[in-house]
Amino acid sequence: MGIVIAVISGKGGVGKTTAVANIGLGVAMNDKTCMVVDFDIGQRNLDMILGLENRVVYDITNVMDGDASLNQALIKDKKQDNLYFLAASQTKDKSALDKERVKKLIDQLKEEFDYILLDSPAGIEGGFEHTILYADNVIVVVNPEVSSIRDADRVIGLVDAKSQKAKEGEKVGKFLVITRIDPELIEKGEMISTEDILDILSINLLGKVPEDKRVIDASNTGKPVILHESSKAGEAYSRIAKRLCGIDVPFVDVETAEEKGFIKKLTGLFK
């Protein structure tokens, strides 16, 4: 049976959908079959980041309504044979999701794929509860900013209260991905450090992604940044995907400015 992972955030604009695309592709690159599902009904974006927007014929609501089979709606990624995508509807709203039909879809996906990543709507708007309802684990995506972390703490509480596992007395695994880390701003005290974020949220760290202008370029071209050579963000997503697949990967310091890190190493040579 596959593992269902809801990727959530407390607010929009933190890079959640970018994280879904890159982590999903990274998992597929580690010889696991991976399905990424866009649950943001009415505001479909995952297809563009994956570069698959022109191949969408049927979407998640077509499958739930019985207008198309799951096989008809699945889109195989052009770059990685192990990655598949199921689009959100752009013409319907969040009320199109129904608990029983969501469960039927999730159960079917668990039979066919090793990993199922669900791209949740940001915050707690309609559709969020359906995304977390049948999740085995959640990945919480935050920026190192007070508002992002505060809102993330709120959605973590909702996972503990409203997921099916929580209702049955089981724990939902929670993992943290911190994006858009700027070492200089952290050293100036204008961004919150990883240690402080972990103290506030009290969940396991899955990975840290540094600020990287290639992320915007990748989103605009439909080529996830994990495929870009020499991209620091791409390398970070690759490490995150490996950890998700159970591979032991050391954490890399992305919070120290390169100049200062170099000076520190140079100083160490003369000690």
Side-chain angles (χ1 to χ4, degrees), residues 5 7-11 13-30 49 117 137-153 156 173-219 223-271:
I5 303 171
V7 184
I8 64 176
S9 65
K11 65 191 290 285
V14 300
K16 173 180 54 60
T17 299
T18 295
V20 172
N22 283 281
I23 296 172
L25 185 53
V27 167
M29 291 164 68
N30 281 280
I49 294 177
L117 269 59
N137 303 288
V138 296
I139 293 175
V140 184
V141 181
V142 302
N143 293 154
E145 301 167 358
V146 172
S147 60
S148 173
I149 296 159
R150 179 194 61 199
D151 291 346
D153 195 34
I156 290 170
K174 303 179 198 71
F175 303 95
L176 180 68
V177 169
I178 307 170
T179 62
R180 305 198 65 180
I181 295 173
D182 187 320
E184 293 184 1
L185 293 182
I186 287 178
E187 291 184 359
K188 290 177 183 177
E190 296 174 14
M191 274 189 169
I192 303 173
S193 70
T194 296
E195 289 75 14
D196 288 338
I197 295 172
L198 291 172
D199 283 343
I200 295 167
L201 299 181
S202 297
I203 60 176
N204 296 317
L205 180 65
L206 186 62
K208 301 180 285 185
V209 183
E211 182 72 273
D212 189 337
K213 66 180 182 62
R214 292 180 182 85
V215 171
I216 296 175
D217 296 337
S219 297
K223 181 183 178 182
V225 74
I226 196 172
L227 297 175
H228 288 245
E229 293 183 9
S230 72
S231 165
K232 297 297 184 184
E235 292 171 358
Y237 280 121
S238 179
R239 292 191 293 270
I240 289 168
K242 284 182 169 63
R243 293 186 191 111
L244 205 59
C245 292
I247 301 170
D248 188 14
V249 180
F251 284 89
V252 174
D253 179 13
V254 299
E255 294 177 294
T256 303
E258 289 186 5
E259 295 82 3
K260 291 190 177 182
F262 173 75
I263 291 172
K264 186 183 290 186
K265 289 179 183 178
L266 191 62
T267 304
L269 294 176
F270 296 96
K271 286 184 176 180

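Heads up: numbering here begins at 1 and tracks the sequence. We use all heavy atoms of the structure for the numbers below, so side chains are in, but hydrogens, waters and symmetry mates are not.
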- Item | Ile8 vs Ile139 side-chain heavy atoms within contact, under 4.5 Å | no
- For Asp212, what residues pass the salt bridge (Lys or Arg N to Asp or Glu O under 4.0 Å) criterion, not counting sequence neighbours? Arg214
- Partner set under side-chain contact (heavy atoms from CB on, under 4.5 Å) for Lys242, not counting sequence neighbours: Asn30, Ser238, Ile247, Val249
- Item | Contact summary for Ala19 and Val141, nearest pair of heavy atoms | CB-CG2, 4.2 Å
- Message: Could you walk me through whether Val142 and Val14 satisfy the side chain to side chain contact (heavy atoms under 4.5 Å, CB included) test, starting with their C-alpha distance in whole Å, then the side-chain angles of each, then the deciding distance to 0.1 Å, before giving a yes or no?
- Response: CA-CA 6 Å; Val142 302; Val14 300; 5.9 Å; no
- Got a sec, which residues hit side-chain contact (heavy atoms from CB on, under 4.5 Å) with Asn204, two or more places apart in sequence or on another chain? Phe175
- Message: Using the rule given for side chain to side chain contact (heavy atoms under 4.5 Å, CB included), can you reason through Val138 versus Ile5, listing the C-alpha separation, both sets of side-chain angles and the distance that settles it, and then say yes or no?
- Response: CA-CA 5 Å; Val138 296; Ile5 303 171; 5.9 Å; no
- Message: Give me the atom names and distance for the closest heavy-atom approach of Ala233 to Pro210.
- Response: CB-O, 4.0 Å
- Message: Going by side-chain contact (heavy atoms from CB on, under 4.5 Å), name the residues that satisfy it together with Thr18, two or more places apart in sequence or in a different chain.
- Response: Asn22, Ile49, Val215, Ser219, Tyr237
- Message: With a sphere of 6.0 Å drawn around CG of Leu198, does it hold more than 12 non-hydrogen atoms of other residues, nucleotides or ligands?
- Response: yes
- Message: Quick check for you: to the nearest 0.5 Å, what is the distance between Ile181 atom CD1 and Ile186 atom CD1?
- Response: 5.5 Å
- Query: Do Val140 and Val177 come within less than 4.5 Å of each other through their side chains, counting heavy atoms only?
  - Reply: no
- Looking at residues at least two apart in the chain, or sitting in another chain, which of them share a side-chain contact (heavy atoms from CB on, under 4.5 Å) with Glu235? Lys232, Arg239
- In Å, rounded to the nearest 0.5 Å, how long is the span from CE of Met191 to CD1 of Ile197? 9.0 Å
- Please examine the side chains of Val254 and Pro183, heavy atoms only from C-beta on, and report whether any two atoms are closer than 4.5 Å. no
- Message: Show me the pairs that pass salt bridge (Lys or Arg N to Asp or Glu O under 4.0 Å) and involve residues 243-257, at least two apart or across chains.
- Response: Lys208-Glu255
- Query: Quick one: OG1 on Thr256 to CD on Glu184, what's the gap to the nearest 0.5 Å?
  - Reply: 11.5 Å
- Pairwise distance CD1(Ile23) to CG(Leu117) - rounded to 0.5 angstrom: 6.5 Å
- Message: Nearest 0.5 Å, please: how far is CD1 in Ile192 from CG in Asp199?
- Response: 11.0 Å
- Note on the structure: In this structure, CG of Leu206 is separated from CG of Asn137 (nearest 0.5 Å) by 10.0 Å
- Does Ser193 have any side chain to side chain donor-acceptor pair (under 3.5 Å) partners at least two apart in sequence or in another chain, and if so, which? Asp196
- Note on the structure: Sequence neighbours excluded, the answer for side chain to side chain donor-acceptor pair (under 3.5 Å) partners of Glu211 is Arg180
- Task: Please report the C-alpha distance between Glu145 and Ile149 in whole Å, then the side-chain angles of each, then the deciding distance to 0.1 Å, and finally whether the side chain to side chain contact (heavy atoms under 4.5 Å, CB included) criterion is met.
- Result: CA-CA 6 Å; Glu145 301 167 358; Ile149 296 159; 5.9 Å; no
- Query: Partners of Lys223 by side chain to side chain donor-acceptor pair (under 3.5 Å), sequence neighbours excluded?
  - Reply: none
- Item | For Asn143, side chain to side chain donor-acceptor pair (under 3.5 Å) partners two or more places apart | Thr179
- Query: In this structure, are over 12 heavy atoms from other groups packed under 6.0 Å from Glu229 atom CD?
  - Reply: no
